[in-house]
Amino acid sequence: MGDLIEEWATQVAEAELSSTLPRRWAHTQGVAKRAVEVSQVLGQDAGLLVAAATLHDVGYAPRLATTGFHPLDGARFLRDEHGADERLTRLVANHSFALLEAEERGLREDLASEFPLLEEPLLVDAVVYCDMTTTPDGGRTTAEERVAEILGRYGDDSVVGRFIRRAAPEIFAAVRRVEEALAVQPR
C-alpha cells in the first residue's frame, strides 16, 4: 500500500500546488524527501508518513482555500473530494500543532471535532519533524531556524506569529523525539 498512497499523494499535491504556488510546491517536495529519510522509524506507517508530508500544505492551493486555514482546508479537500484515509486527513489537519493556530483563528472546535488528533505520537512527531526541518524552498534547516524564518516572514503580532511562538517549544520537543528515535535505528 505504501507506494500507491505515496504516488497518489504526489499526483494530488503536484496538481494543486506546482503551477499556482511553485515555492510551496518546492517546500512540499523537500518535506516529502525528509519523510522518506525518516520513514524507517515508522515501520508499516512509512507510506502514510510520506503521503501526509506530501499533502500537508495542499490546503494553500487557491481553489481550496475556503477558510484560509490551510490544514483544515486541505483535510476537508482530501476527505470530501478524494475520500482519503481518515488517518491521513487527520495528520494533514493537525500537522505541526495546527490546533494552536486554529485556536488563534477561532477554528479550534471545527478542527478538533472534524479531525481529532491522532493518538500516534511518533507518527504525529514525524510529520512535524519533516515540515519544521525544511525551508520554504525545500532545503534542510533546523527547527530553530525554521521557527525564526516563519516569525520573520509573518511578524510577531500576526496570527501565524502568535501561533508559532506558542508552538515552538512543542515543535522543538517533537523534532528532538524523532531525532532520538532515528539515533537508535540500526545503520
Side-chain angles (χ1 to χ4, degrees), residues 1-18 21 24-61 64 69-102 110-134 138 140 143 146 167 170-187:
M1 177 185 144
D3 288 347
L4 286 177
I5 194 170
E6 292 171 38
E7 214 173 282
W8 168 80
T10 300
Q11 290 171 354
V12 171
E14 184 174 15
E16 297 299 334
L17 298 172
S18 66
L21 298 170
R24 185 67 56 189
W25 174 234
H27 168 71
T28 295
Q29 291 174 292
V31 174
K33 184 177 178 187
R34 233 49 81 247
V36 169
E37 293 167 3
V38 303
S39 63
Q40 76 269 17
V41 301
L42 290 165
Q44 67 184 19
D45 286 332
L48 179 59
L49 170 63
V50 175
T54 303
L55 291 164
H56 81 285
D57 277 354
V58 74
Y60 276 116
L64 307 181
F69 182 46
H70 78 277
L72 184 56
D73 292 339
R76 284 176 173 168
F77 160 73
L78 293 169
R79 178 193 65 201
D80 299 345
E81 285 192 33
H82 291 280
D85 175 83
E86 180 190 357
R87 290 170 71 216
L88 174 62
T89 60
R90 289 168 65 184
L91 284 168
V92 169
N94 288 288
H95 76 272
S96 301
F97 301 99
L99 265 178
L100 294 175
E101 186 174 346
D110 293 352
L111 186 66
S113 64
E114 283 184 59
F115 303 100
L117 188 62
L118 276 182
E119 296 298 324
E120 299 179 56
L122 187 57
L123 183 55
V124 171
D125 283 351
V127 176
V128 174
Y129 173 89
C130 296
D131 185 20
M132 300 311 273
T133 61
T134 304
R140 286 186 180 279
R146 177 84 162 114
E170 299 296 333
I171 289 166
F172 301 151
V175 167
R176 199 168 36 253
R177 288 188 295 267
V178 172
E179 289 170 343
E180 289 167 359
L182 287 167
V184 298
Q185 285 292 306
R187 303 249 174 229

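Count residues from 1 along the sequence.
- The closest donor-acceptor contact from the side chain of Asp131 to the backbone of Val127 lies at 3.5 Å or more, if one exists at all.
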Phe69 vs Asp110, test: side chain to side chain contact (heavy atoms under 4.5 Å, CB included). Steps then yes/no. CA-CA 11 Å; Phe69 182 46; Asp110 293 352; over 6 Å; no
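- Across every non-hydrogen atom of Val128 and Ala174, the tightest pair is CG1-CB, 3.9 Å.
- Shown here for Pro71 and His95, the closest heavy-atom pair between the two residues is CG-CE1, 3.8 Å.
- Summarising the geometry of Ala13 relative to Thr28, their closest heavy-atom pair is CB-CG2, 4.3 Å, with the distance given to 0.1 Å.
- Distance check: Leu55 CG to Trp8 CH2 gives 5.5 Å after rounding to the nearest 0.5 Å.
- For CD of Glu179, the number of neighbouring non-hydrogen atoms (other residues, nucleotides, ligands) closer than 6.0 Å is greater than 12.
- Under the side-chain contact (heavy atoms from CB on, under 4.5 Å) rule, Val92 has a single partner from Thr89, Asn94, Leu88, which is Leu88.
- Heavy-atom minimum distance, Ala51 versus Ile5: CB-CG1, 3.8 Å.
- For the atom pair CG of Leu49 and CD of Gln44, the computed distance is 13.5 Å after rounding to the nearest 0.5 Å.
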Using atom types as modelled, flag every donor-acceptor pair under 3.5 Å from a side chain in residues 31-43 to any protein atom, sequence neighbours excluded.
residue	atom	partner	partner atom	Å
Arg34	NE	Thr134	OG1	3.4
Arg34	NH2	Gly138	O	3.3
Arg34	NH2	Gly139	O	3.4
Glu37	OE1	Arg140	NH1	3.4
Glu37	OE1	Arg140	NH2	2.4
Glu37	OE2	Arg140	NH2	2.9
Ser39	OG	Val36	O	2.9

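- Considering every non-hydrogen atom in both Val124 and Leu117, the closest pair reads CG1-CD1, 4.5 Å.
- Applying the salt bridge (charged side-chain N to carboxylate O under 4.0 Å, His left out) test to every pair with at least one member in residues 45-57, sequence neighbours left out, gives these pairs: Arg24-Asp57, Asp45-Arg87.
- Within the model, atoms CG of Leu78 and CG of Leu91 stand 11.0 Å from one another, a figure rounded to the nearest 0.5 Å.
- How far CE of Met132 is from CG of Asp125: 13.0 Å, rounded to the nearest 0.5 Å.
- The line from CD of Glu170 to CG of Leu99 is 11.5 Å long, rounded to the nearest 0.5 Å.
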Can you list the steps and then say if Arg76 with Phe115 is a side chain to side chain contact (heavy atoms under 4.5 Å, CB included)? CA-CA 9 Å; Arg76 284 176 173 168; Phe115 303 100; 4.0 Å; yes
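- Taken from NE2 in His56 to SG in Cys130, the straight-line distance is 9.0 Å, to the nearest 0.5 Å.
- Ring-plane geometry between His70 and Tyr60 is classed as parallel, the angle between the planes falling under 30 degrees on a 0 to 90 degree scale with a further cut at 60.
- Nearest heavy atoms, Ala93 versus Ala98: O-CB, 3.3 Å.
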